[in-house]
A.B. asks: 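Before I ask anything, let me first share the structure, which is written out below as structure tokens.
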Amino acid sequence: MDRLTEIELFVRIAELHSMTRAAEVMHVSNSAATRLLAALEKRLGAVLVQRTTRRLSLTEAGAAYLARCKTILADLQEADSAVNAAAPVSAGTLRIAGTLSFCLNHVVPLLREYMRRHPGMSVQVITANRAIDLVDNDIDVAIRTGDTEADSNVTTRGLARTRRILAASPGYLARRGTPHDVEDLLRHDMLLCACSGRHDELAFRRGGETRAVRVSGLLEANDAQVLRAAALDGLGILVQPRYVIHDDIAAGRLVPLLDDWDLPRLQMNIVFQSRRHMPARVRVFIDFLVEHFERMGYEHQWTAFDAPASHRPRPEPLSRGRRHVDNGEMAS
């Protein structure tokens with residue numbers, strides 16, 4: 001075992017707060033991991049990790065050493081990327097992060113074609129309703145929604161815009177009636193995403209007119225698929241990005257409501273680590289995803305109106321570039 005292995009193991013222990021989990025990731029036994037850490041601490045002449053019966057934590061020296069170790073490993077990865085950036089993708093693992101809705105609808109359906117083109121590749125999909133740190137979690141590509149990306153260590157590439165719309169099942173509307181005005185929502189059962197602090201405030205715009213209502217949720221959930229299932233079951237009116245329920249609307253399972261009003265739109269972005277040399281597996285997948293979205297015309301589909309042209313709002317254009325990310329599942 002060389003010094004690089006010791007460093008890699010130490011970083012894994014620090015990230016996972018567990019010797020056992022770090023050993024699993026490194027594909028070594030617990031006893032071997034213990035010996036590696038002990039050898040590292042002996043060589044440095046310092047205790048890096050405090051061990052208790054319940055958890056592991058870093059000492060002050062360990063925290064300082066961790067920062068240097070991450071830099072060393074990042075430099076090594078950068079060197080590898082510089083060599084293979086222009087090379088074709090032959091083998092490896094691509095780690096993709098996104099919400100459950102996006103991964104179900106727009107990652108899994110593409111994997112067969114992606115792997116046909118690159119048979120040596122494997123894919124790991126990580127779903128979460130929050131922003132995952134790309135570096136700490138070894139994420140190659142993430143899909144996020146929002147206006148700007150606050151982290152200067154990541155780069156964004158615009159993927160598509162999408163409207164947020166209200167919709168309900170025909171059964172619910174037959175039972176409770178169809179809302180014809182924004183204020184009518186106050187008398188309806190709402191299915192709300194509980195991922196942002198102001199999820200119960202809806203700001204509508206139609207032409208130069210703006211209206212805002214504060215609704216209460218019959219059901220609140222932090223996953224769009226839970227709200228979608230509830231809406232399909234006739235439980236109430238949901239508010240979601242159009243891409244989450246586009247197929248349900250096309251099939252008549254859900255009916256768009258108050259479509260002459262527009263809610264704030266969302267910009268979907270591909271997010272990846274800022275590097276001088278992008279790994280080939282990342283470059284190829286980003287191009288593959290962007291080309292697919294352009295070919296399918298998703299932005300046009302997801303920003304379309306069902307209301308008559310005379311009643312359509314005129315949305316403000318969203319600029320493309322580096323954006324802050326709203327990580328609520330409303331953007332799932």
Side-chain angles (χ1 to χ4, degrees), residues 89 92-118 121-146 149 151 154-165 191 193-196 221-232 238-251 253-254 266-273 279 281-299 301-302 323 325-332:
V89 176
T93 300
L94 180 75
R95 287 172 57 83
I96 306 169
T99 62
L100 177 61
S101 292
F102 186 87
C103 292
L104 282 175
N105 296 334
H106 298 289
V107 174
V108 174
L110 297 182
L111 292 183
R112 182 187 296 274
E113 175 61 19
Y114 176 74
M115 292 177 176
R116 185 191 67 78
R117 296 186 187 184
H118 311 290
M121 287 295 299
S122 63
V123 176
Q124 294 180 3
V125 176
I126 299 92
T127 63
N129 299 330
R130 57 182 177 82
I132 299 178
D133 188 281
L134 303 187
V135 176
D136 288 347
N137 294 278
D138 293 330
I139 301 298
D140 291 309
V141 178
I143 308 301
R144 299 177 182 170
T145 55
E149 176 60 56
D151 188 352
V154 303
T155 300
T156 65
R157 182 171 174 179
L159 190 58
R161 289 185 300 168
T162 180
R163 293 184 64 205
R164 292 167 56 223
I165 63 174
L191 312 175
C193 172
C195 290
S196 61
N222 68 346
D223 191 287
Q225 291 302 315
V226 173
L227 300 173
R228 173 179 171 268
L232 291 171
L238 87 169
V239 186
Q240 280 295 310
R242 179 148 190 153
Y243 85 86
V244 176
I245 56 175
H246 179 80
D247 290 346
D248 295 316
I249 292 174
R253 293 186 294 266
L254 293 177
L266 297 174
Q267 173 68 42
M268 303 173 66
N269 300 311
I270 305 173
V271 184
F272 48 95
Q273 296 180 39
R281 67 181 186 278
V282 177
R283 168 179 51 80
V284 167
F285 181 78
I286 290 174
D287 290 343
F288 176 72
L289 190 61
V290 169
E291 290 169 4
H292 175 74
F293 266 58
E294 291 177 348
R295 183 171 64 254
M296 297 299 294
Y298 283 140
E299 180 165 317
Q301 294 180 32
W302 298 339
R323 300 172 173 86
V325 172
D326 176 2
N327 299 300
E329 177 62 19
M330 189 170 289
S332 170

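In this chain, residues are counted from 1 in sequence order.
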A.B. asks: Using modelled atom types only, decide if a donor and an acceptor are shared between the side chain of N129 and the backbone of N222 within a distance under 3.5 Å.
C.D. replies: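 Between the backbone of N222 and the side chain of N129 there is a qualifying donor-acceptor contact (under 3.5 Å).
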A.B. asks: Heavy atoms only: give me the nearest D223-L100 pair and the separation to one decimal.
C.D. replies: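 Result for this residue pair: OD2-CD2, 3.6 Å.
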A.B. asks: Working note: D247 + R253, criterion side chain to side chain contact (heavy atoms under 4.5 Å, CB included); need CA distance, chi angles, decisive distance, verdict.
C.D. replies: CA-CA 9 Å; D247 290 346; R253 293 186 294 266; 4.2 Å; yes
A.B. asks: Of the non-hydrogen atoms in Q267 and A160, which two are nearest, and what is the gap between them?
C.D. replies: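 Here Q267 and A160 meet closest at NE2-O, 3.6 Å.
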A.B. asks: List for me each residue that meets salt bridge (Lys or Arg N to Asp or Glu O under 4.0 Å) alongside R95, sequence neighbours excluded, and say none if there are none.
C.D. replies: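 R95 satisfies salt bridge (Lys or Arg N to Asp or Glu O under 4.0 Å) with no residue once adjacent residues are dropped.
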A.B. asks: Applying ring pair (Phe, Tyr, Trp, His ring centres under 6.0 Å), can you list everything that pairs with F293, at least two apart in sequence or on another chain?
C.D. replies: H106, Y298, W302
A.B. asks: Output all residues satisfying side chain to side chain contact (heavy atoms under 4.5 Å, CB included) with V107, sequence neighbours left out; order by chain, then residue number.
C.D. replies: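 V107 satisfies side chain to side chain contact (heavy atoms under 4.5 Å, CB included) with I96, F102, C103, L111, V125 once adjacent residues are dropped.
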A.B. asks: Check the orientation of F288 and H292. Use parallel for under 30°, tilted for 30 to 60°, and perpendicular for over 60°.
C.D. replies: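 Parallel, since the angle between the ring planes stays under 30°.
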A.B. asks: Ignoring hydrogens and angles, tell me if any N or O in the side chain of R144 forms a donor-acceptor pair with the backbone of I132 under 3.5 Å.
C.D. replies: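 The answer is yes, because a donor-acceptor pair under 3.5 Å joins these two groups.
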A.B. asks: Output all residues satisfying side chain to side chain donor-acceptor pair (under 3.5 Å) with N105, sequence neighbours left out; order by chain, then residue number.
C.D. replies: none
A.B. asks: Might you work through the side chain to side chain contact (heavy atoms under 4.5 Å, CB included) test for F285 and M121, ending with a clear yes or no?
C.D. replies: CA-CA 11 Å; F285 181 78; M121 287 295 299; over 6 Å; no
A.B. asks: Tell me the closest heavy-atom pair linking I286 and V141, and the distance in Å.
C.D. replies: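 Where I286 meets V141 most closely, the heavy atoms are CG1-CG2, 4.2 Å.
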A.B. asks: Using every non-hydrogen atom in the two residues, find where C193 and Q240 come nearest and quote the distance to one decimal.
C.D. replies: CB-NE2, 4.1 Å
A.B. asks: Got a sec, which pairs hit salt bridge (charged side-chain N to carboxylate O under 4.0 Å, His left out) with one end in residues 286-296, sequence neighbours left out?
C.D. replies: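 For residues 286-296, and leaving out neighbouring residues, the salt bridge (charged side-chain N to carboxylate O under 4.0 Å, His left out) pairs sorted by first residue read R157-D287.
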A.B. asks: Are the side chain of E299 and the backbone of R161 linked by a donor-acceptor contact shorter than 3.5 Å?
C.D. replies: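 Present.
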A.B. asks: CG of L159 to CD1 of I143: how many Å apart, nearest 0.5 Å?
C.D. replies: 6.0 Å
A.B. asks: Output, in order, the C-alpha distance, side-chain angles, deciding distance and verdict of side chain to side chain contact (heavy atoms under 4.5 Å, CB included) for L134 and V271.
C.D. replies: CA-CA 9 Å; L134 303 187; V271 184; 4.0 Å; yes
A.B. asks: Holding to side chain to side chain donor-acceptor pair (under 3.5 Å), I want the full list of residues that pass it with R112, two or more places apart in sequence or in another chain.
C.D. replies: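 R112: no side chain to side chain donor-acceptor pair (under 3.5 Å) contacts found.
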A.B. asks: To the nearest 0.5 Å, how far apart are NE2 in H118 and CZ in R281?
C.D. replies: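 Answer rounded to 0.5 Å: 13.0 Å.
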A.B. asks: How many angstroms lie between CG in L104 and CD in Q225, if you round to the nearest 0.5 Å?
C.D. replies: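 Output value for this atom pair is 5.5 Å.
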A.B. asks: Rounded to the nearest 0.5 Å, what separates atom CD in Q124 from atom CD1 in I139?
C.D. replies: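 Answer for the CD-CD1 pair, Q124 versus I139, is 8.5 Å.
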A.B. asks: Scan V282, L289, T156 and name whichever one has a side-chain contact (heavy atoms from CB on, under 4.5 Å) with I270.
C.D. replies: L289
A.B. asks: Once you round to the nearest 0.5 Å, how far does CD1 of I245 lie from CZ of R164?
C.D. replies: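 That separation rounds to 11.5 Å.
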A.B. asks: Can you tell me how far CD1 of I165 sits from CZ of R242, rounded to the nearest 0.5 angstrom?
C.D. replies: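 Taking CZ in R242 and CD1 in I165, the distance rounds to 4.5 Å.
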A.B. asks: Quick one: closest heavy-atom pair of N269 and G158, and the distance?
C.D. replies: OD1-CA, 3.6 Å
A.B. asks: Please report the closest heavy-atom contact between D140 and F272, naming both atoms and the distance.
C.D. replies: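 D140 and F272 have their closest heavy atoms at O-CB, 3.5 Å.
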